[in-house]
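Below is one structure, written out as structure tokens; the observations come after it.
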Amino acid sequence: MSTPLPPSRISGLFRRKSLTDLLVSPPADTDLHGTHPGQHSLARHLTVRDLTSLGIAAVIGAGIFSTIGNASHDGGPAVSLLFVFTAIACAFSALCYAQFAATIPVSGSAYTYAYASFGELAAWIIGWALIMEYAVGNIVVAISWSDYFTGLLSGIGVQVPVWLTMGMQSAHKYYNEVLALMQANQPLPAAESAQMVGYRAWSTAPELPGGLRLVIDLPAGLITLLITAVVYIGIKESKNASNLLVLLKLIVVATVIGVGVFYVNPANWSPFAPNGVGGVLKGVSAVFFAYIGFDAISTTAEECKNPQRDLPRAMIYALIICTVLYVIITLVLTGMVSYTELGVGDPLAFVFQKVGLNWLAGVVAVSAIFAMASVLLVFQIGQPRIWMTMSRDGLLPPVFAKVHPRFHTPSFSTIVTGFFVGVPAMLLNMDLVIDLTSIGTLFAFALVCGGILVIDPYGRSDARFKVPYINGQFLVPLIMLIGLGLLFLYNQAGLREFGSAVRGDGGYEEFRHYIPMLVFILFCLGLAWLSFRKKLSLLPTLGLLTNLYLMTQLGINNWLLFFGWLIIGLALYFNYGFKHSKLGLKNRPAVS
């Protein structure tokens, strides 16, 4: 039996930073040498336009140029409603983020907000989850960017050696699969195209000691290096690059809508939801992956000219603009061709090729390169500032808080971020990590909504912006009953599957996939009772529920990977962060 933690240590896990501590701890408002020896301030350059642009840069990216195709293939034209539903969930979260940003205008995003509302342990968990979210998300974007870039070069006659265009892990796997086919006396045409590409990459690559081959995704590494250099040099340069990239891709999106609407055949919108609610929800991770830009906006709070005014506005503006664009694009795509044909990696280019507009398909392919670069830029801005803020609090070594004396950026953290993204992007196969990115984001959103219920459950804050208070005493239980009724009306098949799994008809292997949903149902009952008793604010409560519901749709395997990552993080926290926490050292009684 393990020895229980002493009471002082247990209470230390939930120590919270006061608003005063949060506002005086970062050196952003001091002069260059300030009151923090060896530290320098971050430069304040961002306006509401720049922040809105950063939000659009993060949201209009891989989602609209890639994952929207598979989501439409699974759910049909009704995926447009999924974008609306997800936007509503994000709107609740954005309001809560906005109130926190107006109350605590410092770097750190959800990590800082959790420190103020739930305490140090929750702050560490969400900070560690955000590190995973940004890193894994950018690895996906870097690899996808490489695919688009090499495809574009191939289209203009420039052939890059195949062993410089994919990761070593993928090439080795495909090489072994083709060898297995050959040993089984199967003809090579039986191999898939991706397997043959991997086989050629491994076969033609220079040989390294130990039997390995020099197979790397060089474009993914180079774009990560370039973006990291821009982020390192300064926030002003980063925002100028972001604004330019956003302008270019908004022009392309507007062109796609303006031209595509003339090729829409309304008959393609019927049936609207061919695979029912289940088919629509199948695309939830891909759709939500498109909406993870709000957290990145809030990480730049110390570089805003007027964060308490501009951050809330930028979050709402970006959400509205991006949702309208996503809904229109989805309807145009599914109207131009049948949803059954959209299961491709480049749906925007594909639909224009189908209608004979090859020149526009080429423009879309080029713009996708800029779109994905802008996503990479925003998340490479966000992750170092999470590292920096956690280091300021003593939870990571002090070197992560180092700010460059000339560029006024978190220099060491930015370099670490570039290494943390660039090396895996060059070597690994990261095909199945979109869900893992989404679960980290949803977890952050849920904690931010829950944090408002902790620090301001009745809307009495004197913050410059606050979530409007609506009494949820009767509305929360009523909304839950309405949701249950809609499930009975429109998702009978899903309810039957759930009932069969809970009864154990399919054994534990089937039952375990519904464990998150069972936990969610119990949580709903508890929150309905708490709302009735405590008259909690409706909007943060709905934000908490919708984000947790979306988490249940991501699959048990993603939960297991997520918990595995958290276990690694907790090991680091208890071996370093807890002992070096500045808040803990401040509150520790002096030894006489």
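We count residues from 1, following the sequence as given. Worth saying up front: this structure is predicted, and the values here are computed from it rather than measured.
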Query raised in the report: How far apart are the C-alpha atoms of T47 and D50, what are their side-chain angles, what is the distance that settles it, and do they pass the side-chain hydrogen bond (donor to acceptor under 3.5 Å, both in side chains) test?
Result: CA-CA 5 Å; T47 64; D50 301 322; 3.1 Å; yes
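- Looking only at distances, no side-chain donor or acceptor of W269 sits under 3.5 Å from a matching main-chain atom of P77.
- Here R460 pairs with nothing under the side-chain hydrogen bond (donor to acceptor under 3.5 Å, both in side chains) rule; sequence neighbours left out.
- Between E120 and Y573, some side-chain heavy-atom pair lies under the 4.5 Å cut-off.
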Query raised in the report: Which is it for L570 and I125 under the side chain to side chain contact (heavy atoms under 4.5 Å, CB included) test, yes or no, and what are the steps along the way?
Result: CA-CA 7 Å; L570 290 174; I125 289 173; 4.1 Å; yes
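- Rounded to the nearest 0.5 angstrom, I515 CD1 and T552 OG1 are separated by 13.0 Å.
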**Report entry** Steps toward side chain to side chain contact (heavy atoms under 4.5 Å, CB included) verdict (E497, Y514)
**Finding:** CA-CA 10 Å; E497 290 178 9; Y514 289 91; 3.5 Å; yes
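- Between F445 and Y97, the ring center distance clears the sub-6.0 Å criterion.
- Counting all heavy atoms, side chain and backbone alike, A110 lies closest to L130 at CB-CD1, 4.1 Å.
- Put simply, the side chain of S53 never gets that close to the backbone of R49: no donor and acceptor are under 3.5 Å apart.
- Taking every heavy atom of both residues into account, S461 and T103 meet most closely at OG-OG1, 4.5 Å.
- Taking R512 as the reference, E509 meet the side-chain hydrogen bond (donor to acceptor under 3.5 Å, both in side chains) condition, with sequence neighbours excluded.
- With a 4.5 Å cut-off on side-chain heavy atoms, V79 and T334 do not count as touching.
- Contact of the P468 side chain with the L539 side chain is registered, since non-hydrogen atoms from C-beta on lie closer than 4.5 Å.
- In this structure a side-chain-to-backbone donor-acceptor pair under 3.5 Å is missing from D456 to I452.
- Once rounded to the nearest 0.5 Å, the distance linking CD1 of I316 with CD1 of I321 reads 11.5 Å.
- Looking at every heavy atom in both residues, V48 comes nearest to D310 through N-OD2, 3.6 Å.
- Judged by distance alone, with hydrogens and angles left aside, the side-chain atoms of K466 form a donor-acceptor pair with the main-chain N or O of G459 at under 3.5 Å.
- Atoms CG and CD1, from L333 and I328 in turn, are 12.0 Å apart once rounded to the nearest 0.5 Å.
- One distance of note links OG of S93 with CE of M315; it measures 10.5 Å at 0.5 Å rounding.
- For the pair V421/F379, no side-chain contact is recorded, criterion being any heavy-atom separation below 4.5 Å from C-beta on.
- Annotation: side chain of S80 is in contact with side chain of F272 (closest heavy-atom distance under 4.5 Å).
- The nearest pair of heavy atoms linking P477 to G472 is CD-O, 3.8 Å.
- Of the inter-residue distances, the one linking L545 atom CG with L550 atom CG reads 11.0 Å to the nearest 0.5 angstrom.
- When all heavy atoms of L51 and L46 are compared, the closest pair comes out as CD2-CD1, 3.9 Å.
- In this structure, T541 contributes its side chain and S537 its backbone to a donor-acceptor pair below 3.5 Å.
- A 4.5 Å side-chain heavy-atom check between T546 and I88 finds every atom pair outside the cut-off.
- At least one donor-acceptor pair closer than 3.5 Å links the side chain of K249 to the backbone N or O of A57.
- Listed here is the closest heavy atom pair of V259 and F352: CG1-CE2, 4.2 Å.
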Requested in this report: Would you check, one step at a time, whether the test side chain to side chain contact (heavy atoms under 4.5 Å, CB included) holds for S242 with S374?
Outcome: CA-CA 6 Å; S242 173; S374 69; 5.6 Å; no
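- Q473 contributes atom CD, which lies 12.5 Å from atom CG of L478 (distance to the nearest 0.5 angstrom).
- At least one side-chain heavy atom of F443 sits less than 4.5 Å from a side-chain heavy atom of F562.
- Looking at residues two or more places apart in sequence or on another chain, you find a ring-ring contact (aromatic ring centres under 6.0 Å, His included) between F563 and W559.
- With sequence neighbours excluded, no residue forms a side-chain hydrogen bond (donor to acceptor under 3.5 Å, both in side chains) with T330.
- Contact annotation: the side chain of T389 never approaches that of Y115 to less than 4.5 Å [non-hydrogen atoms, C-beta and beyond].
- Using a distance-only test at 3.5 Å, with no hydrogens or angles considered, a donor-acceptor pair links the side chain of W565 to the main chain of W128.
- In this view, F118 satisfies the ring-ring contact (aromatic ring centres under 6.0 Å, His included) rule with no residue, not counting sequence neighbours.
- Under the side-chain hydrogen bond (donor to acceptor under 3.5 Å, both in side chains) criterion, S531 pairs with no residue, sequence neighbours left out.
- Heavy atoms of other residues, nucleotides or ligands lying less than 6.0 angstrom from CZ of F370 number 12 at most.
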Report task. Apply side chain to side chain contact (heavy atoms under 4.5 Å, CB included) to the pair L544 and F523, showing each step before the final yes or no. Result -> CA-CA 10 Å; L544 178 60; F523 184 85; 3.7 Å; yes
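- In this structure a side-chain-to-backbone donor-acceptor pair under 3.5 Å is missing from S270 to A267.
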